[in-house]
J.: 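Supplied in structure tokens, the structure appears directly below.
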Amino acid sequence: VTTPPLYGFLSSARYYALNILEELDAVNEYYVDRGSGIMYIYNPPQDKVGNLFPQQLPSHFVVIGDQGCVTVGSTVISMVGVSYVSFVGFTMDCSRGTAVSASSVVNVTFSNCTIVNNGGGSMSISGYNNTLERLEVSGNGCGGVSVSGGDQLSLTPGFNTLKDSSIHDWSRWKRTYQPGLTWSGVGNTFINNTIYNGPHSGILGKGNDCIFSGNFLHDLCFEVTDSGAFYSGRSWISGGNIVANNVFMNIVTTEKVYLGSPSVQAIYLDDQMSGYQVISNTFINCYAGTFIGGGRSNVVMGNVYVNCTTAVHMDNRGLTWQPTYCSTGGMFNQQLQSVNYTQPPWSLHYPQLVNITTDHPCVPCYNLISQFSGSPVSPTIP
């Protein structure tokens, strides 16, 4: 094995074999012979006695139901620096990579589009004032949608919006770290989306002053441990984000895991992530609702926890096993220096950061946890 797993091979842990001709024994399994350019797919007509047999098809052949299509392009739409363009009612599928690649675009809109069954993700968009609305995203080999925009150094908002969309059943090929929504940047909004049926995180990223509201995340993180349906981590400077009025349901591990014990969180502010507001969310049937992993200046208020093992977890890892991040010269100190945190606009927008290196830097201080309801019980495996 040329690239062994990070934590080594574990007895009885899951694995799978990829692209082995001898293992074709179920309909729609396939093998690609890279040398000859031939794909063998186990989806042929039956012989006279009803048995299936392998059939040779052209390279890059994709089977959808009883139909097939040739896919040779890595993207369906690729844009750089485009502005004031709208795409309405498009169906885009079967690209070998990410269907829509839109970089440094301004005032671009995708509305009522179906973007499914792509080898990579459905869409990656960066820029300013862009709108993604009423999208249907599913069946991808990797992630769902990636949205970024705004400038962190100047704290200029991106004003990008993803709303009223459905993202589900992705990660058919890569099962981890391929979230339904990847986000970054400043001042972007994600509202009224439904994100579900993903083996790892539903929303993953970090940035500043972004809003996540009215979203429904369910049946996520079911193949992993130490993960979150909403995950962000390792930063003092990625603050000002609001996670409010969302519903998280069935955030539990259903597959047996062999690295540690099952532990997944609905909202996971990992490794001293700081400066979040988690307000008026509902957590139903989750291992843990809100997890503050040593961070500071987080507000957790007015949330409801139903059938969750732990409502709110908070620890002090900066004082125990993770002091290097928050110590002088560590990762967080380097982040602060990169944005000139003692000078405007940072000193005005985030005044709590100005003296952070001398104000109990490794202590999980200034967190506010209040007005929540719920009782700890073991979640039900769906």
Side-chain angles (χ1 to χ4, degrees), residues 144 162-170 179-181 183 189-205 210-233 241-257 260-270 273 275-295 298-315 364 367-382:
L162 170 67
K163 63 180 180 179
D164 303 322
S165 296
S166 178
I167 303 172
H168 61 95
D169 296 283
W170 67 92
L181 168 61
W183 66 282
T189 302
F190 308 90
I191 56 175
N192 299 332
N193 303 291
T194 302
I195 302 175
Y196 63 100
N197 284 357
H200 198 201
S201 297
I203 299 176
L204 185 149
C210 292
I211 297 174
F212 303 82
S213 180
N215 303 291
F216 181 24
L217 285 77
H218 66 91
D219 296 283
L220 299 166
C221 297
F222 51 77
E223 288 188 3
V224 295
T225 187
D226 192 25
S227 302
F230 180 104
Y231 179 93
S232 192
N241 302 296
I242 299 174
V243 184
N245 301 300
N246 305 283
V247 176
F248 297 84
M249 185 171 72
N250 294 339
I251 312 303
V252 295
T253 301
T254 60
E255 296 287 341
K256 185 176 179 58
V257 294
S261 58
S263 173
V264 292
Q265 290 65 241
I267 296 178
Y268 195 174
L269 305 181
D270 196 13
M273 175 56 73
Y276 267 75
Q277 295 185 52
V278 179
I279 300 174
S280 299
N281 300 282
T282 300
F283 303 86
I284 305 169
N285 202 48
C286 305
Y287 275 128
T290 307
F291 190 109
I292 300 175
N298 296 294
V299 175
V300 180
M301 179 183 296
N303 301 289
V304 177
Y305 302 88
V306 179
N307 205 35
C308 299
T309 302
T310 301
V312 181
H313 166 97
M314 187 169 67
D315 61 52
N367 292 297
L368 173 63
I369 302 172
S370 69
Q371 301 174 3
F372 71 88
S373 64
S375 57
V377 295
S378 298
T380 302
I381 303 300

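Predicted model, so just to flag it, every value in this text is computed and none were measured.
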J.: Test your reading of the model: is there a side-chain donor-acceptor pair from Asn246 to the backbone of Gly214, 3.5 Å cut-off?
T.: yes
J.: Report yes if some heavy atom in the side chain of Ile203 is under 4.5 Å from a heavy atom in the side chain of Trp183; otherwise report no.
T.: yes
J.: Classify the angle between the aromatic ring planes of Phe372 and Tyr305 as parallel (below 30°), tilted (30 to 60°) or perpendicular (above 60°).
T.: perpendicular
J.: May I ask you to decide if the ring planes of Phe212 and Phe190 are parallel, tilted or perpendicular, using 30° and 60° as cut-offs?
T.: parallel
J.: If you define the side chain from C-beta out and look only at heavy atoms, does anything of Val306 sit under 4.5 Å from Asn285?
T.: no
J.: Taking CZ in Phe222 as the centre, count heavy atoms belonging to other residues, nucleotides or ligands within less than 6.0 Å. Is the count above 12?
T.: yes
J.: So how far is it from Ile167 CD1 to Ile195 CD1, rounded to the nearest 0.5 Å?
T.: 4.5 Å
J.: About how many Å separate CD1 of Ile267 and OG1 of Thr290, when rounded to the nearest 0.5 Å?
T.: 5.0 Å
J.: Return the OG1 to CG distance between Thr282 and Asn245, rounded to the nearest 0.5 Å.
T.: 8.5 Å
J.: Check for a donor-acceptor pair, side chain of Thr194 on one end and backbone N or O of Phe216 on the other, with a separation under 3.5 Å.
T.: no
J.: Supply the atom-to-atom distance Leu217 CG to Met249 CE, rounded to the nearest 0.5 angstrom.
T.: 11.0 Å
J.: Mind checking the CG-OG spacing from Leu269 to Ser232? Nearest 0.5 Å is all I need.
T.: 7.0 Å
J.: So, Gln265 and Ser263: side-chain donor and acceptor under 3.5 Å apart, yes or no?
T.: yes
J.: Taking the side chain from Asn241 and the backbone from Cys210, do they hold a donor-acceptor pair closer than 3.5 Å?
T.: yes
J.: With distance as the sole test, does Asn250 use its side chain to make a donor-acceptor pair with the main-chain N or O of His218 at under 3.5 Å?
T.: no
J.: Check for a donor-acceptor pair, side chain of Asn193 on one end and backbone N or O of Asp164 on the other, with a separation under 3.5 Å.
T.: yes
J.: Is a donor on one side and an acceptor on the other found under 3.5 Å between the side chain of Asn303 and the backbone of Phe283?
T.: no
J.: Using the ring of each side chain (for Trp, its six-membered ring), is Tyr276 parallel, tilted or perpendicular to Phe230, with breaks at 30° and 60°?
T.: perpendicular
J.: If we only count heavy atoms from C-beta on, is the Pro179 to Tyr231 side-chain gap below 4.5 Å?
T.: no
J.: For Asn281 and Ile279, indicate whether the former's side chain and the latter's backbone hold a donor-acceptor pair under 3.5 Å.
T.: yes
J.: Looking at every non-hydrogen atom in both residues, tell me the closest pair between Cys221 and Thr253 and how far apart they are.
T.: O-OG1, 3.7 Å
J.: Give the minimum heavy-atom separation between His200 and Leu220, together with the two atoms involved.
T.: O-CB, 3.8 Å
J.: Between the side chain of Ser201 and the main-chain N/O of Gly228, is any donor-acceptor distance below 3.5 Å?
T.: yes
J.: Give a yes-or-no answer on whether the side chains of Asp226 and Tyr268 include a donor-acceptor pair shorter than 3.5 Å.
T.: yes
J.: Look only at the side chain of Ser227 and the backbone of Thr225, and say whether a donor-acceptor pair between them is shorter than 3.5 Å.
T.: yes
J.: So which heavy atom on Pro364 is nearest to which on Gly294, and how close?
T.: CB-O, 3.7 Å
J.: Keeping Asn298 on the side-chain end and Asn367 on the backbone end, is there a donor-acceptor pair under 3.5 Å?
T.: no
J.: Supply the atom-to-atom distance Asn215 CG to Asn192 CG, rounded to the nearest 0.5 angstrom.
T.: 6.5 Å
J.: Please name the pair of heavy atoms, one in Met314 and one in Ile369, separated by the smallest distance, quoted to 0.1 Å.
T.: SD-CD1, 4.3 Å
J.: Is the shortest side-chain heavy-atom distance between Leu368 and Val300 below 4.5 Å?
T.: no
